[in-house]
Amino acid sequence: MSPSKRAFDLVVAANRLPVDRVVSADGEVSWRTSPGGLVTAMESVMRDRDGAWVGWAGEAGEAPEPFEEQGMWLRPVALSEDEVKQYYEGFSNDTLWPIYHDVIVGASFHRQWFTQYEKVNRRFAEAIAEVAAKGATVWVHDYQLQLVPGMVRELRPDVRIGWFDHIPFPPVELFAQLPWRRAILEGLLGADYLGFQRVADAQNFVRACRQLLGLQTRGDTVSVSRADDSRRVRASAVPISIDFKGLEALAKEPETRARAKEIRESLGDPETLLLGVDRLDYTKGIGHRIKAYGELLAEDKVAPPREVFVQVATPSRERVEAYQQLRAEIEGEVGRLNGEFSRIGAPAVQYLHHSYPRREMAALFLAADVLLVTPLRDGMNLVAKEYVTCRYDEGGALVLSEFTGAFHELHQAFVVNPHDIEGLKQGIMRAIETPDKEKRRLMRAMRRRVADHDVQRWAARFLENLASAPERPAPAAPSSRGGRS
Ligand code: ADP
Ligand code: G6P
């Protein structure tokens, strides 16, 4: 069998491959870890399994040949420059992303974007059909690929299809705005099992099927009943997590600990080091956090060099206008605070617009006395779980927005509503001032939770739910492509 014709019992599909292809100015090609929580989680799941990963290599143009990487078979899918603009930046990140995140910024609707979304989803489905062995398990990920379950089902009725939603699923009142709502729900219902971050997300999906498609629902199950297709599809919550053991081991390594110490020293050994780590995304509440911190500076409740605030803002979706505006706003605010409150050698806010290796992230978490996680809406927020994992010393304190998936698990955090700036300021001050002994008790409990519910357990639960999904009736005749109405 030629290497490009291999077939796998487990096929994962996500918009991005776990690695991005990067070409430097002098034409040198290298691969680097792709951004985001999806890749962090799935990369550690797939490391232990034999399977294929279908996804985009992160640059427009022809797809590289399939290749093997850390035991995974990577099957790149090509996106043209136009498709990057319309399927990825447009429909995925300027239509779906805002609708699925409470319309924090307005969504744009363009019929041409959806046409490209359909076309690219079809290409993913074909690539999956090509690498899936007979009776394989196909695991599709996230909002970029919502039509894929239905398309794979047409092409390969023999495989079992699951889909996991890494981001929130919106209430029906918001979802209903999408002119393509029916196609999206029908696409998702092509799966045998659908997993969501929170119970509320799964319920929103089930309600949308009832109200917008008129389908019968019972508890967490939707009944699909058409002449050619009659089945029940379950939609339930399986919150994602991280590789607790692997990350904790990295945090414990002498090199990481030494780096954490060095970071604190280079910041002037503050009494309190506060840290924020987010993709530069309007869902993350970075502006609200900076506003609250600015008021604390103005009220002299915090002051450099006694307190130092480091904000890591990872570059993200830089050609989408809402992201460009956000960057300008955040950088303007950081500049204003630094102009007003910094002292020579002691900036009020250290702002870093970079990606870092995993060890550097672990060292930052280990160095930080307080982690600020203040999203306005976030499917899970793995950064919160990573922080807790790295704190094997039981030090540190977590300030956590109630609008994250993580809030539903990490009950011992200092919980805040980021829209309530006074409450946010109080939450930050409580995290700074609570006695260490009490903070250690809280951290211990959160660490237990993440250790018990790690990413391996998440993947096992998802795959069990998929395996135990109701059997499908055998197809009457081979179905043809594009044959659904
Ligand atoms: P999202 O998926 O929305 O970006 P998550 O918090 O769930 O948010 O996941 C973000 C992931 O990206 C985490 O694994 C985090 O450690 C990683 N990450 C965030 N910022 C950086 C950065 N600057 N450099 C390297 N990794 C980062
Ligand atoms: C979130 C999404 C992922 C996405 C990641 C990074 O985690 O759920 O699907 O990959 O953000 O965003 P990007 O647009 O760079 O892939």
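Whatever order the structure lists ligands and atoms in, that order sets their numbers, starting from 1. This chain uses plain numbering: 1 for the first residue, then up along the sequence.
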Colleague: Show which atoms of ligand 2 fall inside a sub-4.0 Å distance from at least one heavy-atom site of His166.
Modeller: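 Atoms satisfying the 4.0 Å criterion: 8 (O).
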Colleague: Examine Thr314 against ligand 1 and note whether any of their N/O atoms are separated by less than 3.5 Å.
Modeller: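 N/O-N/O distance under 3.5 Å: yes.
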Colleague: So, the side chain of Thr95 versus the backbone of Ser108: is there a donor-acceptor pair under 3.5 Å, distance only?
Modeller: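 Yes, the answer is positive, given that a donor and an acceptor are paired below the 3.5 Å cut-off.
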Colleague: What protein heavy atom is closest to atom 4 (C) of ligand 2, reported as residue, atom name and distance in Å?
Modeller: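 Sorting protein heavy atoms by distance from atom 4 (C) of ligand 2 puts Arg317 NH2, 4.0 Å first.
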Colleague: Is it true that the side chains of Ser80 and Asp82 contain a donor and an acceptor less than 3.5 Å apart?
Modeller: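 The answer is no; no qualifying pair exists.
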Colleague: Of all the atoms in ligand 1, which lie at a distance below 4.0 Å from a heavy atom belonging to His354?
Modeller: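 Near His354, the atoms of ligand 1 are 22 (C), 23 (N).
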Colleague: If we count only N and O atoms by modelled type, under 3.5 Å, do the side chains of Ser236 and Tyr193 hold a donor and an acceptor together?
Modeller: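 Distance-only check passes for Ser236 and Tyr193.
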Colleague: Would you please say whether a donor-acceptor pair under 3.5 Å links the side chains of Arg160 and Thr137?
Modeller: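 Absent: no donor and acceptor within the cut-off.
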Colleague: What protein heavy atom lies closest to atom 14 (O) of ligand 2? Include the residue and the distance to one decimal.
Modeller: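 It is Tyr88 OH, 2.6 Å.
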Colleague: Does at least one non-hydrogen atom of Met380 fall below 4.0 angstrom from an atom of ligand 1?
Modeller: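 In this structure, Met380 fails to qualify as a contact of ligand 1 - no heavy atom is under 4.0 Å.
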Colleague: Taking the cut-offs as 6.0 angstrom to the six-membered ring centre and 45 degrees off its axis, would you call Arg317 and Trp97 a cation-pi pair?
Modeller: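 Cation-pi check for Arg317 and Trp97: passes.
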Colleague: When you compare the side chains of Gln311 and Arg289, does any donor N or O come within less than 3.5 Å of an acceptor on the partner?
Modeller: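 Yes, Arg289 and Gln311 have a side-chain donor paired with an acceptor closer than 3.5 Å.
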Colleague: How does Leu382 reach ligand 1, if at all, at less than 4.0 Å between non-hydrogen atoms: by side chain, backbone, both, or neither?
Modeller: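 For Leu382, the contact with ligand 1 is made by both the backbone and the side chain.
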Colleague: Please indicate whether any nitrogen or oxygen in Asn15 is less than 3.5 Å from any nitrogen or oxygen in ligand 2.
Modeller: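 No: no nitrogen or oxygen of Asn15 is under 3.5 Å from one in ligand 2.
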Colleague: Among Lys284, Arg279, Gln197, which one puts a heavy atom closest to atom 8 (O) of ligand 1?
Modeller: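 When every heavy atom of Lys284, Arg279, Gln197 is considered, Lys284 comes closest to atom 8 (O) of ligand 1.
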Colleague: Show which atoms of ligand 2 fall inside a sub-4.0 Å distance from at least one heavy-atom site of Pro35.
Modeller: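 Listed by number with element: 6 (C), 15 (O).
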Colleague: Taking the side chain from Asp20 and the backbone from Ser34, do they hold a donor-acceptor pair closer than 3.5 Å?
Modeller: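 Not at all, since once roles are kept as given, no pair shorter than 3.5 Å links the two residues.
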Colleague: Quick one: does atom 15 (C) of ligand 1 have a protein heavy atom under 4.0 Å from it?
Modeller: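 Looking at atom 15 (C) of ligand 1, one finds that a protein heavy atom does lie closer than 4.0 Å.
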Colleague: Assess His141 for proximity to ligand 2: is some non-hydrogen atom of it under 4.0 Å away?
Modeller: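 Heavy atoms of His141 never come under 4.0 Å of ligand 2.
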Colleague: Given the rule in the side chain to side chain donor-acceptor pair (under 3.5 Å) test, do Tyr351 and Asn338 qualify, once you have shown the distances and angles that lead to the verdict?
Modeller: CA-CA 10 Å; Tyr351 174 82; Asn338 276 335; over 6 Å; no
Colleague: Between Ser34, Gly37, Gly379, Ala41, flag the one that comes closest to atom 7 (O) of ligand 2 by a heavy atom.
Modeller: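 Nearest heavy atom to atom 7 (O) of ligand 2 lies in Gly37.
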Colleague: Centre-to-centre under 6.0 Å for Phe205 and Phe175, is that the case here?
Modeller: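 No; Phe175 has its ring centre 6.0 Å or more from that of Phe205.
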Colleague: Looking only at side chains, do Tyr143 and Asp165 share a donor and an acceptor under 3.5 Å apart?
Modeller: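 No, Asp165 and Tyr143 have no side-chain donor paired with an acceptor closer than 3.5 Å.
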Colleague: Using a strict cut-off of 4.0 Å, indicate which atoms of ligand 1 neighbour a heavy atom of Val312.
Modeller: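 Every atom of ligand 1 under 4.0 Å from some heavy atom of Val312: 23 (N).
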Colleague: So for ligand 1, is Met361 a polar contact partner (N or O within less than 3.5 Å, distance only)?
Modeller: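 Such a contact does not occur with ligand 1.
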Colleague: Find the distance between CE (Met380) and CZ (Arg198) and round it off to the nearest 0.5 Å.
Modeller: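 Going from the CE atom of Met380 to the CZ atom of Arg198 covers 10.0 Å.
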Colleague: Looking only at heavy atoms, is any part of Arg358 under 4.0 Å from ligand 1, and if so is it the side chain, the backbone, or both, or is it neither?
Modeller: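 It is neither part, as no heavy atom is under 4.0 Å.
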Colleague: Could you identify the single nearest non-hydrogen protein atom to atom 24 (N) of ligand 1 and state the distance to 0.1 Å?
Modeller: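 Of every protein heavy atom, Tyr356 N, 2.8 Å lies nearest to atom 24 (N) of ligand 1.
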Colleague: Which part of Thr283 is near ligand 1, with near meaning a heavy atom under 4.0 Å away: side chain, backbone, both or neither?
Modeller: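 Neither part.
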Colleague: May I have the step-by-step check of salt bridge (charged side-chain N to carboxylate O under 4.0 Å, His left out) for Asp378 and Lys284, ending in yes or no?
Modeller: CA-CA 7 Å; Asp378 205 337; Lys284 302 289 184 183; 2.9 Å; yes
Colleague: Should you measure from each heavy atom of Val277, which atoms of ligand 1 turn up under 4.0 Å away?
Modeller: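 Checking each atom against Val277, I get 19 (C), 20 (N).
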Colleague: Distance under 4.0 Å to a non-hydrogen atom of Arg279: what atoms of ligand 2 satisfy this?
Modeller: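 Atoms satisfying the 4.0 Å criterion: 1 (C), 6 (C), 11 (O).
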Colleague: Which atoms of ligand 2 are found less than 4.0 Å from any heavy atom of Gln144?
Modeller: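 Heavy-atom distances to Gln144 below 4.0 Å select 9 (O).
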Colleague: What do the steps show when you test Ser316 against Arg279 for side chain to side chain donor-acceptor pair (under 3.5 Å), and what is the final call?
Modeller: CA-CA 6 Å; Ser316 189; Arg279 261 185 320 100; 3.0 Å; yes
Colleague: At less than 4.0 angstrom from any non-hydrogen atom of Thr40, what atoms of ligand 1 do you find?
Modeller: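 The list of qualifying atoms is 11 (C), 13 (C), 14 (O).
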Colleague: Would you say Val383 and ligand 1 have an N/O pair spaced under 3.5 Å apart?
Modeller: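 Yes.
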Colleague: Which atoms of ligand 2 have any heavy atom of Asp142 under 4.0 Å away?
Modeller: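 Reading through ligand 2 atom by atom, the close ones are 2 (C), 3 (C), 8 (O), 9 (O).
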Colleague: Could you tell me whether Trp73 and Phe67 have their ring centroids closer than 6.0 angstrom?
Modeller: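 Here the rings of Phe67 and Trp73 have centres that are no less than 6.0 Å from each other.
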Colleague: For ligand 2, which atoms, with element, lie under 4.0 Å from some heavy atom of Leu38?
Modeller: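 Those qualifying, in numeric order: 9 (O).
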Colleague: How close does the nearest protein non-hydrogen atom get to atom 10 (C) of ligand 1, and which residue and atom is it?
Modeller: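 I find the closest protein heavy atom is Gly37 N, 3.7 Å.
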Colleague: N/O to N/O below 3.5 Å, does that happen between Asp378 and ligand 1?
Modeller: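 Min N/O separation from ligand 1 is not below 3.5 Å for Asp378.
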Colleague: With heavy atoms of Ile167 as the reference, note each atom of ligand 2 found under 4.0 Å away.
Modeller: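 In order of number, 8 (O).
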Colleague: So which heavy atom on Asn204 is nearest to which on Pro171, and how close?
Modeller: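 Scanning both residues completely, I find the closest heavy atoms to be ND2-N, 3.4 Å.
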Colleague: Below the 3.5 angstrom mark, is there an N/O of Tyr143, backbone or side chain, next to an N/O of ligand 2?
Modeller: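 No; every N/O pair is 3.5 Å or more apart.
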Colleague: Considering non-hydrogen atoms of the protein only, which is the closest contact for atom 15 (O) of ligand 2, and what is the distance?
Modeller: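 Protein heavy atom with the smallest distance to atom 15 (O) of ligand 2: Arg16 NH2, 2.9 Å.
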Colleague: Among side-chain atoms of Tyr87 and Asn121, is any donor-acceptor pair under 3.5 angstrom?
Modeller: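 Per modelled atom types, Tyr87 and Asn121 side chains form no pair under 3.5 Å.
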Colleague: Do the charged groups of Arg259 and Glu262 touch, with an N to O distance under 4.0 Å?
Modeller: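 Yes, Arg259 and Glu262 are salt-bridged.
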